[in-house]
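Everything quoted here is computed from the prediction, not taken from an experiment. These numbers come from the heavy atoms of this one structure, side chains and all, not from hydrogens, waters or symmetry mates. Order of the sequence lines fixes the chain letters, A, B, ..., with proteins taken first and strands second; residue numbering starts at 1 for each chain.
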Amino acid sequence: MTETQNSAQERVWQIVKAIPPGKIATYGQIARLAGMPTHARLVGKILRALPVGTALPWHRVVNSQGKLTNPNRAEQKVRLQAEGIVSVSGRINPRRYGWQV
DNA sequence: TGTTTGACGGACA
DNA sequence: CTGTCCGCCAAAC
């Protein structure tokens, strides 16, 4: 494993960890903040590799359409609701819950 | 080293 | 609104 891979991974972790409670961010947004504007999919890949029970708020990451696309979306929805994030018709309103950086 | 995959995104019908 | 298509590119295969 190279250092660039490592730092990319750590940057993503750092950014996800910085998402405020009650807010959500998109994969593309995280990729851009990490300096990899074209690697939204890589963000998903990195999050997928997180250990179960990680302290990172992975549940605050959704796609650009405000939808939950991960394999564990049921759990994610529960966690989001626990933070007061309401989805309308299966979507999250970015105007209210989007993470303004 | 060539091919496929994918927690994406945006354009389009 | 839903569904389809394509560009993207590191990883996995």
Side-chain angles (χ1 to χ4, degrees):
Chain A
M1 81 175 81
T2 68
E3 292 172 22
T4 53
Q5 291 172 333
N6 245 323
S7 57
Q9 180 177 257
E10 287 180 12
R11 279 198 297 272
V12 169
W13 288 345
Q14 173 63 42
I15 292 165
V16 171
K17 192 166 59 175
I19 305 173
K23 299 281 182 175
I24 55 99
T26 70
Y27 297 95
Q29 182 178 14
I30 291 169
R32 284 194 300 278
L33 291 173
M36 315 182 286
T38 67
H39 290 66
R41 304 180 100 135
L42 183 58
V43 173
K45 177 115 178 154
I46 292 170
L47 293 186
R48 189 182 58 180
L50 288 174
V52 180
T54 176
L56 266 77
W58 55 268
H59 58 280
R60 303 205 263 246
V61 184
V62 303
N63 72 7
S64 67
Q65 303 164 49
K67 298 204 295 193
L68 315 183
T69 59
N70 63 45
N72 203 9
R73 58 174 122 177
E75 168 78 19
Q76 184 173 15
K77 185 175 184 182
V78 170
R79 291 198 186 198
L80 290 175
Q81 288 183 335
E83 296 190 351
I85 297 177
V86 180
S87 63
V88 179
S89 302
R91 290 154 167 253
I92 296 172
N93 186 337
R95 266 217 299 183
R96 292 175 69 190
Y97 304 111
W99 180 27
Q100 318 310 103
V101 185

Spacing of NZ belonging to K77(A) relative to CD1 belonging to I85(A), to within rounding of 0.5 Å: 13.0 Å
Nearest-0.5 Å distance that lies between atom OG1 in T69(A) and atom CG in N63(A): 5.0 Å
Distance below 4.0 Å between T26(A) side-chain N/O and dC8(B) OP1 or OP2: no
5′-ward residue of the pair Q65(A)/N72(A) relative to DNA chain B: N72(A)
Sorted by number, the residues of residues 32-39 of chain A with heavy-atom contact under 4.0 Å to DNA chain C: T38(A), H39(A)
Q9(A) side, atom CD; L47(A) side, atom CG - distance, nearest 0.5 Å: 10.0 Å
Whole angstrom value for the distance that separates P of dA12(C) from CZ of R48(A): 8 Å
At a cut-off of 3.5 Å, list every protein nitrogen or oxygen paired with a nitrogen or oxygen from nucleotides 11-13 of chain B, distance to 0.1 Å.
none

Most 5' of K45(A) and K67(A) on DNA chain C, judged by nearest nucleotide: K67(A)
Residue pair Q76(A) / W58(A), side-chain heavy-atom distance below 4.5 Å: yes
Within 6.0 Å of CZ in R73(A), more than 12 heavy atoms from elsewhere: no
Separation of atom CZ in R41(A) from atom P in dT4(B), rounded to whole Å: 15 Å
Donor-acceptor contact present, side-chain Q29(A) to main-chain G98(A), <3.5 Å: no
Nearest-angstrom distance from the residue atom OH of Y27(A) to C1' of dC8(C): 17 Å
Euclidean distance, Y97(A) OH relative to I24(A) CD1, rounded to 0.5 Å: 10.0 Å
Closest non-hydrogen atom pair between A34(A) and V12(A), with its separation: CB-CG2, 4.5 Å
